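One structure is given here, and the rest of the page talks about it.
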Amino acid sequence: MHETAPRRLLVTSALPYANGHIHLGHLVEYIQTDIFVRFQKLRGNKAVYICADDTHGTAIMLRAKSEGRSEQDLIAEMQQAHRSDFDGFHVAFDHYGSTDCPTNRRLCGEIWQSLHAAGLIVRRDVQQLFDPTAGVFLADRFVKGTCPRCQAADQYGDSCEACGATYSPADLIDPRSTLSDGLPEVRSAEHLFVELEKMHGFLDEWTQRSGALAAPIANYLAGHFLGEALRDWDISRPAPYFGFEIPDFPGHYWYVWFDAPIGYLASTADWADAHGESFDAWWKPSAEGTGVEIHHFIGKDITYFHTLFWPAMLQAAGLQLPAGVHVHGFLTVNGQKMSKSRGTFILARTWLDHVDPEMLRYFYASKISGGIDDLDLDLNDFVAKANADIVGKIVNLASRTMRWLVESGLSASYPDDGGLFARAAAEGEDIAAAYDAGDLARAMRMIMQAADRANAFVDERQPWKLAKAGPDAAAELQDVASIAVNLFRQLMVYLAPVMPALAEEAAALVGGPILAWNDAQTPLVGCAVKPFQPLKARVTPEQIAAVLAASQQSTPASETSPNQASSKTKGSPMDDTVETPADAPSPSPLDAEPLAAECTIDDFTKVDLRVARVLSAEEVPEARKLLKLTVSLGGDTTRTIFAGIKGHHEPASLVDRLVVVVANLAPRKMKFGLSEGMVVAASGEGAEGVFLISPDTGALPGMRLR
RNA sequence: GGGCCCGUAGCUCAGCGGUUAGAGCAGGGGACUCAUAAUCCCUUGGUCGUGUGUUCGAUUCACACCGGGCCUACCA
């Protein structure tokens, strides 16, 4: 039992970026944070769950432009979608704001002044490539060209994947903008920087000794950043940019990563205003210490921002430092990175359309142990575990015993259960400690062990025999069932942070609302029991198949392709589209892959299909699926093409064969070299085999298909 | 190219310097029939990725290698 005064906790999840929908990877974070907050509230602590949409940056600007609408319109729509997804998964924020709001602008200004006052801001020229056609400055990965060192073509602006050289985009030979394909020009622009090095001493101390960071994170920071001078942080972007204009630097905007974490503050401020609370009481450390704990839950990809820049900003501004930065790993599905072609890139909405969200909450909880390891959602495992644990063990306990109490209610005093209830009650503090430490897997294990004991008890006492034995056994039957139902209720208390809806429904059948963790300490006696209702339906393989099928449908053209298997939320507004192999399981080719949207003859003629002769074909030893082909388009024109047909064709059998290639496909840098086209082949979604297309005899290399 | 994480039973994971390495699920056998083909009991199964080193002692620590996953921001 906790005798101490209630704790005050301000808890955040990373702000989801307004450029994409919530997917199962994001939910690892939001679900685990929500469980933490619900747990704290159940324990009687004062906990506030704060989040917001992250709305600024180049990606939003470009997308709004391409969709012909305002940024505000875009982010408002996305916020609505995010909130609806979170609601569906019972993620209950105390406040969900937006970084594009007046409060955030005001607080950005205040923090900015603090940074100035601390003498941390410097101004410096930066040479950067500018795309005159698109009218924007180009981040390195938006520039491609020839490597100045090894002459490899089609390299990104910062480094060469062929020879490993690193350079500035301005050094590239024949640089091109990937936005417009136009020729970028070098422009010099002034940027503002935060001199993080001036905070080095503070960061050494805070990261290594505050206790806010797990050892692996602290070690990582010590080994990779704190061992040398910290680099200045470029915090401004020249117009055009979607964000807040810097008051004392007109024409320039705060970089999205400056205003995003300040969104935690702004969202708290708006929550405080709406609930008669004081912002200062939560973020301004008082002399005697307010006792507030700030907890940030983040994915490991954004560790850098939350453990160096953010604490430095808070420190400079005289604000409360985080008590804990909880870093988690990424989600894989069926052991692999989420993939659209495999149907495992699953949006929150798609899951909600087909499968019980609380089952996913439970499954995640059963696998989250507070470390930074990746978490695997094996869908077969998911079905087995959700059904076995939740339906078979927990709900079954009520399902098999409540019926005998509808008439009589619970026994007037709690019967002798051989110490079962007391044992599970005693374990309450251990389970609580596991929840508090973020080791949800351990908490779930302990809960399931208690459920096992309860089921064994029912088996041993055989209430069904007592039911048949008539009036003489009625009292014992009532006692046995009362024990089972109390053990069930106790489990519901422990499980309530993970499965709030289930707990609520169960509470409606017997005992009333679960209000406190300590409800698990005292058995219910003498109260009424309503007829049992099936509290949870089993998850079926068909539901999972439906999710995969729905996730496999091609996304609308306006949809960007978030390239993350994580809850990554920001910082990479500039994701490229992922290149994914097409190998998905499902029946009948036409059913599995419906016809694409209608296109015009003009669309078709944009694709230049040519007959080609394979000159050579060789294995790429390190590649799982690729063969390296050299094909002739007639005359001296040859192309090197990496084709994903390894395992389906023997290289030797391909030589001299006529095939069809897409001759005007943009060259694609692949791990093993540059691919200058694509060999056309037939394959079915879910069907085995890749079948090359060959022309009739008489066709010549270079002939066009029309 | 750089970096991080992980490799323990068929699967998902726990253990992390010290007696015969654990759990759940799956598999095998039995029991029960109240329950959403749920539950209970028994049971098969592992040279703890490989190699060196440190140590009285290594699954546990260090290094290397192999394999897998992930990140890579104008900043790693």
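Because only heavy atoms are used, hydrogens play no part in the values below, and waters and symmetry mates are left out as well, while side chains stay in. The chains referred to below are lettered A, B, ... by the order of the sequence lines, with proteins before strands, and numbering in each begins at 1. Predicted model, so just to flag it, every value in this text is computed and none were measured.
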Give the nucleotide from the list [options] with an atom nearest to the side chain of [X].
X	options	result
Arg403(A)	U12(B), A73(B), C34(B)	C34(B)
Ala456(A)	C34(B), C40(B), C25(B)	C40(B)
Phe309(A)	C40(B), C71(B), C75(B)	C75(B)
Arg445(A)	A35(B), A14(B), U36(B)	A14(B)
Arg538(A)	C71(B), U39(B), A38(B)	A38(B)
Asp301(A)	G69(B), C71(B), C40(B)	C71(B)
Lys465(A)	U36(B), A73(B), U33(B)	U33(B)
Ser369(A)	A14(B), U39(B), C25(B)	A14(B)
Phe330(A)	A14(B), C70(B), C40(B)	C70(B)
Asn455(A)	U39(B), C32(B), U12(B)	U39(B)

Can you tell me, in whole Å, how much space there is between the [atom1] of [N] and that of [M]?
N	M	atom1	result
C48(B)	C61(B)	P	15 Å
C65(B)	G7(B)	C1'	14 Å
U12(B)	U20(B)	P	29 Å
C56(B)	A14(B)	P	32 Å
C40(B)	U33(B)	P	16 Å
A37(B)	G18(B)	P	45 Å
G45(B)	C11(B)	C1'	13 Å
U47(B)	C6(B)	P	23 Å

Dump the intermediate steps for salt bridge (Lys or Arg N to Asp or Glu O under 4.0 Å) on Arg400(A) and Asp459(A), then the final yes or no.
CA-CA 10 Å; Arg400(A) 67 194 302 203; Asp459(A) 258 59; 2.9 Å; yes

In dot-bracket form, how is RNA chain B paired, counting a Watson-Crick or G-U wobble pair only if both its distances are under 3.5 Å and using | for bases paired to another strand?
((((((((.[[[[.)..(...]]]].(((((.......))))).....[[[[[..)....]]]]])))))))....

Measure from CG on Asp378(A) to P on G24(B) and round the result to the nearest Å.
19 Å

Just the rounded figure in Å: distance from C1' of C6(B) to CG of Asp376(A).
12 Å

If the cut-off is 4.0 Å, is Lys367(A) near the phosphate of C13(B), judged by side-chain N/O to OP1 or OP2?
yes

Going through the distances and angles, do Lys198(A) and Glu195(A) end up as a salt bridge (Lys or Arg N to Asp or Glu O under 4.0 Å)?
CA-CA 6 Å; Lys198(A) 289 184 175 170; Glu195(A) 291 185 295; 3.0 Å; yes

Taking the inter-plane angle between the rings of His296(A) and Trp310(A) on a 0 to 90° scale, is it parallel (under 30°), tilted (30 to 60°) or perpendicular (over 60°)?
perpendicular

Excluding sequence neighbours, so at least two apart, what forms side-chain hydrogen bond (donor to acceptor under 3.5 Å, both in side chains) with Asp417(A)?
Tyr414(A)

